Amino acid sequence: MNISVKEIAKSYEPGEVEQKWYTFWMENGFFIPSGDETKPAYSIVIPPPNVTGSLHMGHALNVTLQDILSRWKRMKGFRVLWVPGTDHAGIATQNVVEKQLATEKLDRETLGRAAFTERVWQWKAKNGGQIIHQLKKLGASCDWSRERFTLDEGLSRAVREVFVSLFDEGLVYRSTRLINWCPRCSTALSDLEAEHDEYEGKLTYIRYPLLDEHGYVIVATTRPETMLGDTAVAVNPEDERYKGLIGKLLRLPLAQRTIPIVADKEVDPAFGTGAVKVTPAHDFNDEAIAKRQSPHLPFISVIGQDGKMTENAGSKYAGLDRYDCRKAVVQDLKEKDLIVKEDKHIHSIAHCYRCRTVIEPLPTAQWYVDIESMAKDAIELVRDGSINIIPDGWKNSYFSWMENIKDWCVSRQIWWGHRIPIWYCGECVTDLGISQGRYIHVALSEERNGIIEGTYEELRGSGMSHSDIVSNTKAVTIGIQVKPFSGRQDPTACPQCGSAAIVKDPDVLDTWFSSALWPFSTLGWPDETQDLKTFYPTSVLVTGFDILFFWVARMIMMGQKFMRSVPFRDVYIHALVRDEKGQKMSKSKGNVVDPLTIIEKYGTDSFRFSLAAFAAQGRDIRFAEERVEGYRHFANKLWNVSRFIKLNIDKIMPDGIETIDVINKEIENLSRNSLTLPDRWIICRLGETAIAINEALTGYRFNDASSAIYQFVWHELCDWYIELAKTSFERNYPNRVLTLKCLISVFDNSLRLVHPFMPFITEELWKSFPHNGNTISLEPYPDLYTLIPSPPVTDACIDMSIVTDAISGIRSIRGELNISPSKRLNVAIKTFSDDAQKIHAEKVLKDNVDFIVDLAKLETLDIGGNIEKKPATMTSVQTGMEIYVSLSGLFDVQAELQRLSKELKKLDTTIMNLEVKLSNMDYTARAPKAVVEKDKLKYSELVEKRDRIQNNINKIKKLDK
RNA sequence: AGGCGCGUAGCUCAGUGGUUAGAGCGCUACCUUGACACGGUAGAGGUCGGGGGUUCGAUCCCCCCCGUGCCUACCA
């Protein structure tokens, strides 16, 4: 190969390069797992981003880490499958489309269920690909031929199978109780979907007059409007203030009702007045109190699903928004002088995680998953190590959540999602013998026989046929008394009575229900597919802690329940990406950094490398753009190594090279003695670096891996080895070709080491050299076994430090005295040969004299044991040698004295500390022998060095006089 | 209220029961040298948040305090 360096740009421009290679990878199917069954499998399922999503920092980090793992394992010879996909994000997507409809002055009710879901599919077809496109921009090496969507036919079948199995087993059930209700999304939410934020509100103290005597009880509340639904006031049974009042009746102001004073041990006498109003239908605590009473306190629901007051609130308030009603109630109470005071009060309020609307607890009938037994198993799987959570600090959170888990509300009153596979018969009778048709309430989309809505029974009674009703249904509400039945296939008749008058449950399932099946539903379950056999359980799940409960825990439960095995072996929990000040990025704060902007500015590779470098375990990431810039420089550095190599191939191997593969083989099999010291050293360091990177990645320490490769490429390969190679090239060493081949091989290995982190530039550079292979992404990843550092090579690391010490010593003097780099210096190195080690050092220096002369920019260099320090020379004292730099004319006695004294002082401190330590009998007796020996050796070395510095100082002082 | 984490160089962060405590960026000085100024060389900069304890030895382990961030929770 001949390469004209002139044609290669001086710096790396990522833009077009990235697009080119991604297309190349895709066209060649490199991301589809190899069919070679002798290779071990490695699989990851992507945490499916919302189909409404667009790439944010969290995705970028998440995807980058998975891609690093995937590419690394692929290069290590695994059959890697990384399954991509999106989830249908029920509420979020429905909201997006409803907003769109609103701009057309439409709403989903007008459109009807079928037309609306069709509309959402259209939206998905048009916009759902955005996030996928963005993942590709990041370089994600997913197998796109296996891309999945949670509403796909196959995944829907999995959802249905799971729901029906659980139903048959009695593990899903329908129940009426308080639930978190979002009045804006008009659906129930699970506990996790209600997010608590602290707000400053008011604590209002209200007088409730006693019915049969003078006086009153004062209650304190943050929600005065709910008093209209109060059915009791509760006090602690031990509370002396109220003991005598328990059982007495109160007149509930503004409502025409009397309510009792009841006792409940959970009431905190210290809070407020110690008397709490009880609104069972609108507060979870109050619901609990109501159910502890015998008989239960009545539930009076005064707030509707739309967040407005109902008829039960009384005609004056019915129809008012709950917040307007609050004002009205307070106003009315004030007029009656029933408000004692209003205090400022900070408390937490639950909000809908999708739209931030304040949650309204409402009593409704919902479907629940009985989670207890599954949770128990899932706890055990983590406890016994079947699943590793990394970093393991998250285990505690996992356990504490799982141990206190409550049944999972899975029904949602929206239209976009998996319809619950449950039907109800309109003609059967309830357990009490009443026709179920009475408890099925239907709202029609258009009036029939003068009726717009009514019970199923009434509608049938009015002459409508079953199919008339079904085809005209706008909304249906199923009473809790009605018996449900399920179907893997859509049933046509009631299994009980054979009637065809069956009505489908209107609700859909929580999106997380389908997400929980993701690790096996994406692989083809419930069918027994080859993918399932090969790739389940998956190897690792990479995700943020924010969905540990939402998703990870539920996957573990479902995986164990339906696959009888864990869904993944490892869970790697990565950080949250925050802004530079450590604040959570959010649109409302306006501190969002757009990954695509960063990519535009610095290139994908630099961005990815930064994310890996940031990903220290157990700590959040503060995203600092400057560091991305720093890693762009790193990309440029790699680019320029390649230019340097090509330039020298042109010069030194004018016939070009065959393939890199041949060179790699040659270097691996070469006798180490035919290589220069720097050659042997860089091979040694490459091997050590490869080991370090592989170890780091095995432990998910991405930051360690990236810093190891950065350190090696920049500070060893570039700063030292290339500079040393120049000596070999420019002085026309006989073995300069070998050195060049060595450089080529080390660079090739470096590119492979970097590839999982920076896939694009490494492919670009790798492809610019001749190889047998077609892509770097399938080349072997360097590790211990391909780069065995034989003993002479490891010795090279020690020998090399003698040479670099000498060079650095001279450079220090030059630098500290601000001597121009262009001025060549005359230097002598006195070696001390009082032991074998030092004799060896002298040999190493003499063998490598050219390297020292070139890198330290010397005119002359003498090395020997009997060299005498000349006057007017600067001195650098090193272990085993003293370096004298002649500076006739430039020599500054004071500067030199100052320099040496400073070093002396530094040494003295260290020596003193060591002395104290070593003279401590406890230390020498108790500390491990090796540690003490090391300290003793260090001590003698430092003392020797100190003495020689002192010696030099004395000489100069004598000279000065 | 409970739980978890963090506090190390100007900034962003690594790190370890025994090291002369590191990196990147920034800063200072010198240098446009044939890979790279997205560069090179040299250098300044830290009593590892405070106090106590365990230990021969603590930046690292334990306790308390201060600051800070997060998670969970039924304070009306």
Side-chain angles (χ1 to χ4, degrees), chain A residues 5 8 10-12 196 203 219-223 226 234 266-268 270-273 275-279 283-289 345 347-348 393-394 396-397 400-401 404 545-546 548-549 576 578 580 582-584 602 606 610 613-614 616 618-624 626-627 629-648 651 703-704 707 710-711 715 718-719 722-723 726 730 808 811-822 855 857 906-907 909-911 913-914 917 920-928 930-932 934-935 938 942:
Chain A
V5 175
I8 305 172
K10 267 179 127 178
S11 55
Y12 173 58
H196 296 261
L203 192 57
V219 297
T221 181
T222 54
R223 301 196 60 193
T226 61
E266 293 297 310
V267 175
D268 177 4
F271 188 89
T273 60
V276 56
K277 61 191 264 325
V278 182
T279 324
D283 184 285
F284 290 104
N285 288 321
D286 295 358
E287 179 194 33
I289 293 174
H345 182 60
H347 61 129
S348 76
W394 291 108
N396 285 336
S397 309
S400 70
W401 189 71
N404 298 302
F545 67 83
D546 46 337
L548 183 61
F549 311 138
L576 207 69
R578 299 169 178 283
E580 272 176 293
Q583 301 208 303
K584 210 166 168 173
Y602 303 103
S606 321
S610 312
F614 283 139
R619 179 192 264 270
D620 282 351
I621 293 172
R622 292 189 193 210
F623 188 80
E626 300 85 70
R627 279 188 71 178
E629 192 178 0
Y631 293 121
R632 181 183 65 185
H633 299 173
F634 180 58
N636 193 52
K637 200 75 178 169
L638 285 169
W639 181 261
N640 277 290
V641 177
S642 146
R643 289 184 79 227
F644 177 77
I645 289 173
K646 287 166 184 170
L647 183 94
N648 283 288
K651 278 203 234 167
N703 59 323
D704 286 350
S707 80
Y710 183 98
Q711 171 69 22
H715 296 302
C718 293
D719 286 354
I722 285 184
E723 294 308 314
K726 285 176 182 171
E730 282 159 22
S808 298
R811 282 174 170 175
S812 277
I813 291 171
R814 187 194 287 277
E816 280 172 32
L817 271 69
N818 279 340
I819 300 165
S820 161
S822 58
L855 268 69
K857 302 249 186 253
K906 221 160 99 184
L907 270 177
T909 319
T910 313
I911 288 169
N913 291 340
L914 265 177
K917 200 163 152 187
N920 182 342
M921 292 299 284
D922 283 331
Y923 169 68
T924 46
R926 296 196 192 195
V931 173
V932 178
K934 208 175 118 195
D935 273 347
K938 192 181 5 172
L942 290 179

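Just so you know, these numbers come straight off a predicted model, no measurement behind them. Numbered from 1 within each chain, the chains take letters A, B, ... in sequence-line order.
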> So what's B/A37 paired with, Watson-Crick or G-U wobble, going by both distances under 3.5 Å?
Replying inline: none

> Heavy atoms under 4.0 Å, any strand shown: does A/Asn818 hit a base, just sugar-phosphate, or nothing?
Replying inline: sugar-phosphate

> What is the pairing partner of B/A23, taking Watson-Crick or G-U wobble pairs with both distances under 3.5 Å in any strand?
Replying inline: B/U12

> A/Tyr631 OH to B/U12 C1': how many Å, rounded?
Replying inline: 10 Å

>> For B/A35 and A/Lys726 - does any side-chain N or O of the residue sit under 4.0 Å from the phosphate oxygens OP1/OP2?
In response: yes

> In whole angstroms, how far is the P atom of B/C36 from the CZ atom of A/Phe644?
Replying inline: 10 Å

> Which part of the nucleic acid does A/Ser812 contact within heavy-atom distance under 4.0 Å: base, sugar-phosphate only, or nothing?
Replying inline: sugar-phosphate

> When we call it a touch if two heavy atoms are under 4.0 Å apart, what does A/Asp719 touch: a base, just sugar-phosphate, or nothing?
Replying inline: sugar-phosphate

> Can you tell me if A/Asn640 uses its side chain to pair, donor with acceptor, with the backbone of A/Lys10 under 3.5 Å?
Replying inline: yes

> How close or far is atom C1' of B/G39 from atom NE2 of A/His715, stated in whole angstroms?
Replying inline: 13 Å

> So, is A/Lys938 close to the B/U20 phosphate, meaning a side-chain N or O under 4.0 Å from OP1 or OP2?
Replying inline: yes

> Using purine N1 to pyrimidine N3 plus N6-O4 or O6-N4 for Watson-Crick, or N1-O2 and O6-N3 for G-U wobble, both under 3.5 Å, which nucleotide pairs with B/G57?
Replying inline: none

> Over how many whole Å does the gap from A/Arg627 atom CZ to B/G24 atom P extend?
Replying inline: 10 Å

> Starting at CG of A/Leu647 and ending at P of B/U33, how long is that distance when rounded to a whole Å?
Replying inline: 16 Å

> Do you know the tightest heavy-atom contact between A/Arg814 and A/Ser820?
Replying inline: NH1-O, 2.9 Å

> NA contact type, A/Arg811, heavy-atom cut-off 4.0 Å: base, sugar-phosphate, or nothing?
Replying inline: sugar-phosphate

>> Once you apply a heavy-atom cut-off of 4.0 Å, does A/Leu907 come out as touching a base, just sugar-phosphate, or nothing?
In response: nothing

> Of the candidate nucleotides B/C75, B/C71, B/C38, which contains the atom at the shortest distance from the side chain of A/Ser11?
Replying inline: B/C38

> Once you round it to whole Å, what is the distance between P of B/U28 and CD of A/Glu816?
Replying inline: 19 Å

>> By the 4.0 Å heavy-atom rule, please label A/Ser400 as base, sugar-phosphate, or nothing.
In response: nothing

>> Heavy atoms from C-beta onward define the side chain here; which of B/A76, B/C36, B/A14 lies closest to that of A/Asn640?
In response: B/C36

> Counting side-chain heavy atoms from C-beta on, which of B/C36, B/G18, B/C71 comes nearest to A/Tyr923?
Replying inline: B/G18

> In whole angstrom, what separates A/Phe614's CZ from B/A23's P?
Replying inline: 18 Å

>> Please classify the nucleic acid contact of A/Ile645 as base, sugar-phosphate, or nothing, using heavy-atom distances under 4.0 Å.
In response: nothing

> How would you label the contact of A/Phe271 with the nucleic acid (heavy atoms, under 4.0 Å): base, sugar-phosphate, or nothing?
Replying inline: base

> Under 3.5 Å, side chain of A/Thr910 to main-chain N/O of A/Lys906, donor-acceptor pair present?
Replying inline: yes

> Please walk me through it: do A/Tyr631 and A/Tyr710 pass ring-ring contact (aromatic ring centres under 6.0 Å, His included)?
Replying inline: CA-CA 9 Å; A/Tyr631 293 121; A/Tyr710 183 98; 5.5 Å; yes

> Is a donor-acceptor contact shorter than 3.5 angstrom present between the side chain of A/Glu723 and the base of B/A35?
Replying inline: yes

> Within this structure, what is the CZ-to-P distance between A/Phe634 and B/A23, rounded to whole angstrom?
Replying inline: 17 Å

> Does A/Lys10 get its side chain close enough to the base of B/C36, under 3.5 Å, for a donor-acceptor pair?
Replying inline: no

> B/A76 phosphate, OP1 or OP2: any side-chain N/O from A/His345 under 4.0 angstrom?
Replying inline: yes

> Looking at B/C36, B/A76, B/C38, which one has an atom nearest to any side-chain atom of A/Arg643?
Replying inline: B/C36

> Taking only side-chain nitrogens and oxygens of A/His347, does any of them come within less than 4.0 Å of OP1 or OP2 of B/A76?
Replying inline: yes

>> Can you tell me how far apart CG (A/Asp286) and NZ (A/Lys277) are? Round to the nearest 0.5 Å.
In response: 6.5 Å

> With a 4.0 Å cut-off on heavy atoms, is A/Ala288 in touch with a base, just the backbone sugar-phosphate, or nothing at all?
Replying inline: nothing

> Should A/His633 be listed as having a side-chain N or O under 4.0 Å from OP1 or OP2 of B/G39?
Replying inline: yes

> Nearest of B/C31, B/G39, B/A76 to any side-chain atom of A/Pro821?
Replying inline: B/C31

